[in-house]
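Just so you know, these numbers use all the heavy atoms, side chains as well, and skip hydrogens, waters and symmetry mates.
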Amino acid sequence: MKNKLVLNELSTAEIKEKLDVERDQLRKMKLNHAVSPIENPNKIKESRKTIARCLTELRKREMNESAK
């Protein structure tokens with residue numbers, strides 16, 4: 001729930017920027033984990049969930065714009 005509250009307060013541009021950063025981090029974490037196991041593999045899971053939350057918020061805003 002904490003992330004949801006933060007995403008509601010961000011602008012659309014900020015969410016897109018956060019999405020790009022998270023995708024880059026996820027890509028790097030997956031590569032590093034394939035080479036040598038990372039300390040906490042749950043970070044990959046958290047990153048995927050953050051990406052999904054960002055995409056959901058963007059889609060919600062898109063739907064609100066089209067409804068108006």
Side-chain angles (χ1 to χ4, degrees):
M1 285 295 193
K2 181 178 160 187
N3 286 332
K4 184 178 178 184
L5 296 174
V6 172
L7 289 177
N8 286 338
E9 296 170 358
L10 296 177
S11 70
T12 303
E14 290 172 331
I15 293 175
K16 287 180 181 179
E17 182 180 329
K18 182 176 177 79
L19 181 62
D20 290 338
V21 169
E22 281 294 325
R23 283 182 171 163
D24 287 340
Q25 285 180 348
L26 178 62
R27 204 171 294 121
K28 288 177 185 176
M29 277 193 286
K30 282 184 174 182
L31 181 63
N32 289 340
H33 188 62
V35 173
S36 64
I38 58 175
E39 204 172 296
N40 187 1
N42 286 333
K43 288 183 180 180
I44 294 172
K45 183 178 176 182
E46 291 172 17
S47 184
R48 283 197 326 254
K49 287 184 177 187
T50 302
I51 290 169
R53 286 184 185 107
C54 290
L55 290 171
T56 302
E57 181 64 26
L58 288 173
R59 179 71 177 148
K60 184 177 96 174
R61 291 180 185 198
E62 181 181 310
M63 295 300 286
N64 286 339
E65 287 293 319
S66 66
K68 289 182 180 179

Worksheet entry | Working for side chain to side chain contact (heavy atoms under 4.5 Å, CB included), residues V6 and R53 | CA-CA 11 Å; V6 172; R53 286 184 185 107; over 6 Å; no
Worksheet item: Do E65 and R61 pass the salt bridge (Lys or Arg N to Asp or Glu O under 4.0 Å) test, and can you show the C-alpha distance, the side-chain angles, and the key distance before you say yes or no?
Response: CA-CA 6 Å; E65 287 293 319; R61 291 180 185 198; over 6 Å; no
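The CG atom of L7 sits 6.0 Å away from the CD atom of E57 when rounded to the nearest 0.5 Å. Here OG1 of T50 is found 12.5 Å from CZ of R23. Values are rounded to the nearest 0.5 Å. The line from CG of L10 to CD of E17 is 10.0 Å long, rounded to the nearest 0.5 Å. For the atom pair CG (D20) and CD1 (I15), the distance works out to 12.0 Å, reported to the nearest 0.5 Å. A distance of 5.0 Å separates CG of L19 from CG of L55, quoted to the nearest 0.5 Å.
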Could you list the donor-acceptor pairs under 3.5 angstrom formed by side chains in residues 28-41, with sequence neighbours left out?
residue	atom	partner	partner atom	Å
N32	ND2	K28	O	3.4
H33	ND1	I38	N	3.2
N40	OD1	N42	N	3.2

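Between C54 and the options K49, E22, K18, a side chain to side chain contact (heavy atoms under 4.5 Å, CB included) holds for only K18.
Every residue meeting the side chain to side chain contact (heavy atoms under 4.5 Å, CB included) condition with S11, not counting sequence neighbours, appears here in chain and number order: A13, E14. Scanning for side chain to side chain contact (heavy atoms under 4.5 Å, CB included) contacts around E62 gives R59, with sequence neighbours left out.
Taking every heavy atom of both residues into account, S47 and L26 meet most closely at OG-CB, 3.6 Å.
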